[in-house]
Protein chains: 2
Amino acid sequence: MSDRENGQTTQPRATMQDVARAAGVSLKSVSRVINAEPHVSQKLLDKVQAAIHELRYVPDTAARSLAGQRHFMLGVLLDNPSPHYTMRLVAGAYEACRQHRYTLQFDNIYAAEGPGHQAERIEQILHSSRLDGMILTPPTSDVPELLDSLERKGLPYVRIAPGQDTERSARVTVDDRDAVRQVADYFWERGHRRFGLVRGLWSHPSSRIRRDAFVERLRSHSPDVSIIEADGDYTFEGGLRAGEELLSARRPATAVFASNDDGAAGVMTAAMRLGLKVPHDVSVIGFDDSWVAKSVWPSLTTVRQPLEEMGHAAAQMLISRALGGHHGTFANRHFEHRFIERGTVRTIA
Amino acid sequence: MSDRENGQTTQPRATMQDVARAAGVSLKSVSRVINAEPHVSQKLLDKVQAAIHELRYVPDTAARSLAGQRHFMLGVLLDNPSPHYTMRLVAGAYEACRQHRYTLQFDNIYAAEGPGHQAERIEQILHSSRLDGMILTPPTSDVPELLDSLERKGLPYVRIAPGQDTERSARVTVDDRDAVRQVADYFWERGHRRFGLVRGLWSHPSSRIRRDAFVERLRSHSPDVSIIEADGDYTFEGGLRAGEELLSARRPATAVFASNDDGAAGVMTAAMRLGLKVPHDVSVIGFDDSWVAKSVWPSLTTVRQPLEEMGHAAAQMLISRALGGHHGTFANRHFEHRFIERGTVRTIA
DNA sequence: GTCGGGATTGACAGCGCTGTCAAGACAGCG
DNA sequence: CGCTGTCTTGACAGCGCTGTCAATCCCGAC
């Protein structure tokens, strides 16, 4: 491998003891400063901070974990097939962790294997790692067995975008309904009256929510508006099939909302194959602002979830909690979507 | 938050001491078994393993780190804009880490900010975290300043797919040349004689390598073969522009190789806009087998790098090293690409 | 039967930090 | 001026494990 282990140039890292000595105070006082504990005089604070800075002191996480009851590690439960989605969420959570010198552990829980397996898997995860908290990402946020296990173990957790039984725990939410209404209105205001809807995967609560919001909003504009629905199962393939169905109907849709971007890309391809031009002949809006949104032409009008911020918030909640925060009350941070106007919607004269 | 901290049901985790007692041996003997040290009799081994199993003992990483000189943490240096690429590499590395109860720390190094900033950034990373090794992913594998810093600190590292100065360190390689030759032959054998090439980003060594291999291979078939080149900078947009250039030339290419999938998707879109059908009028091959490869129609013929395996191998090398392995010699694990035949290439009569 | 040497096992001192508890400092009050 | 209560500071044990070193065991060779 590539190195020389004999740290010729590397002087040993400063310890808390070193800082204490340099500042002329006790070990424990340095500890107090590091942990921002109360009852520290300004004078002592200054001395210690100067010494810390001077020695470039960085506390040793392993020692802190061993001696105290924090462990500087959070877990994230993952089971989302979309790398882009996962990546953004995790990036946000990771950033929050880094800021507090925490580490993030990733755990894939395979929903496909059924709730029994999942419960077993999480028990194992909890037993074998010392965590200060757990972040549940969709679709794991809605598996009751998981929540049960977590509660039994007494591990704090935060659910991201839970679909059901929302009040049960701390959570980070985002209002899909609201975003979908914007989509519906956007189409409506541009003169569209015949709609297509590509549904997602029924096992994800988000799927039903998005569908219902879209349909309801449109009906509120006109009770007997035309909406053709088809299943797209959140994939390109699914969107392709759904698109062909929607666009080759007798009175085809002029505006299609796909429950995610992959599906929307499928619809665009279907349009192309049917000789329809986007947005001239069909308008399309996606959901997620994933990577593909910019890998199609025209680039896709879509809705972006602030996933990084959501992940960040979730981790932040857990970290504050570990520092000795808010017991009893279930925090809830809410975020808004951002509508991203690009090139796939046309205004009908 | 969602829990009860008073672990009513949670009995304390077993410690090594507990195991020693249960097995009727000394603490140190259990430690030997856990660390697979030599000089342990079969009888003792059995007793200890039984006790470990019985008590569901899991060693405490923090304590091990504190007491020993391993820290059970590896770092990955990231600076690749493609989430899919990063994700796959990291997933593999992470899996290897999990198997050995290691943790992976991610660090973004912003190449765009220039080598000076990077060196500073890595110094800071190395100073503030206790790592057993570092994995460099492209394009960080080719920043000499980074390697210098790592070596100065004496931290073992492995470079993934380094482009230059390969022998300098341990590494995990994959032969782009070989894969690109396959691509060239694949086109050639199917009767194509007029080629288009979408180049990548010059700052990535891979870009030049892929380009050269493609051109050389084709020339080896026929010295004055027609190859039109255009810059695609590894993005969809770039591929789109490059595609329009290549396909609207006087004697347009019938087969286009794009240095990555995003670029290939751009070429396909360009073809569509020019009224050309893929693969009937133009054949396209990409590189990476990224998410978009299946989000276009027809789905993209491409080349897949075994990124998970590569990440896994890199982490594995570092972990073995930390266990006290191969000093002096620079390991090198080599991987092969896999050619993925899908629907974007046509055989010319 | 005895000795040398390697194989096997264990005792023990910390690693760097936090939690506990007690001591010292200091202000206010009678 | 002494006493009490609060604020600040420090001493100390020990978290769970590994590295060191010494003790013990077992074997073949003499």
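This structure is a prediction, so every number in the text was calculated from the model and none was measured. Proteins get letters first, then strands, A, B, ... in listed order; numbering begins at 1 in each.
- Nucleotide C:dG30 forms a Watson-Crick or G-U wobble pair with D:dC1, both donor-acceptor distances falling under 3.5 Å.
- Considering only side-chain N and O atoms, B:Ser41 lies under 4.0 angstrom from the phosphate OP1 or OP2 of C:dT9.
- Using a 4.0 Å heavy-atom distance criterion, A:Tyr57 is classed as a sugar-phosphate-only contact.
- Heavy atoms of A:Leu44 sit under 4.0 angstrom from primed sugar atoms or phosphate atoms, though from no base atom.
- Atom P of nucleotide D:dT18 and atom CZ of B:Arg70 are separated by 9 Å, given to the nearest angstrom.
- At least one donor-acceptor pair under 3.5 Å links the side chain of B:Tyr94 to the backbone N or O of A:Phe106.
- In this structure, A:Leu27 places its CG atom 13 Å from C1' of D:dG14, rounding to the nearest Å.
- Note that CE of B:Met73 is 4.0 Å distant from OG1 of A:Thr103, once rounded to the nearest 0.5 Å.
- Side-chain proximity of B:Asp60 to the nucleotides C:dT20, C:dG10, D:dG16 is greatest for D:dG16.
- Taking 4.0 Å as the cut-off between side-chain N and carboxylate O, A:Lys43 and A:Asp46 do not count as a salt-bridged pair.
- Candidate nucleotides D:dG19, D:dT9, C:dT18 were compared by shortest atom distance to the side chain of A:Arg64, and C:dT18 ranks first.
- A donor and an acceptor atom sit less than 3.5 Å apart, one in the side chain of A:Arg32 and one in the base of D:dG10.
- Partner of B:Glu123 under the side chain to side chain donor-acceptor pair (under 3.5 Å) criterion, chosen from B:Arg152, B:Gln118, B:Lys153: B:Arg152.
- When the P atom of D:dG19 is taken as reference, atom CG of B:Leu323 falls 11 Å away, rounded to whole Å.
- Taking atom CG of A:Leu66 as the reference point, atom C1' of D:dG14 lies 9 Å away to the nearest angstrom.
- Checked against C:dG16, D:dC17, C:dT20, the side chain of B:Pro59 finds its nearest nucleotide in D:dC17.
- Nucleotide D:dT18 holds its P atom 7 Å from the CZ atom of B:Phe72, rounded to whole Å.
- Counting to the nearest Å, the P atom of D:dT18 and the CZ atom of B:Arg130 are 16 Å from each other.
- Sequence order on DNA chain C of the closest nucleotides to B:Gly68 and A:Lys28 puts B:Gly68 first from the 5' end.
- One can place CD of B:Gln42 at 17 Å from P of C:dA7, the figure rounded to the nearest angstrom.
- Taking the nucleotide of DNA chain D with the nearest heavy atom to each of B:Thr15 and A:Val40, the more 5' of the two is matched to A:Val40.
- For B:Ser31, the side-chain atoms get nearest to D:dT18 when compared with the rest of D:dG10, D:dT18, D:dC17.
- Counting only distance, with no hydrogens or angles, the side chain of A:Arg121 and the backbone of A:Asn108 share a donor-acceptor pair below 3.5 Å.
- For B:His39, the listed nucleotide lying nearest its side chain is C:dT9; candidates were C:dT9, D:dG16, C:dT20.
- For the pair B:Glu37 CD and C:dT8 P, the computed distance is 13 Å after rounding to whole Å.
- Salt bridge present: A:Asp107 and B:Arg98 bring a charged side-chain N and a carboxylate O closer than 4.0 Å.
- Here A:Ser29 does not reach the OP1 or OP2 of D:dT9: none of its side-chain N or O atoms lies under 4.0 Å away.
- Checked against D:dC17, D:dG14, D:dG10, the side chain of B:Ala63 finds its nearest nucleotide in D:dC17.
- Within the 4.0 Å cut-off from OP1 or OP2 of D:dG10, at least one side-chain nitrogen or oxygen of A:Ser26 is found.
- Contacts of A:Pro38 with the nucleic acid, taken as non-hydrogen atoms under 4.0 Å apart, are absent.
- Among the nucleotides D:dT9, D:dT18, C:dC17, the one closest to the side chain of B:Asn35 is D:dT18.
- Listed pair B:Gln69 / D:dT18 fails the phosphate criterion, with no side-chain N or O lying under 4.0 Å from OP1 or OP2.
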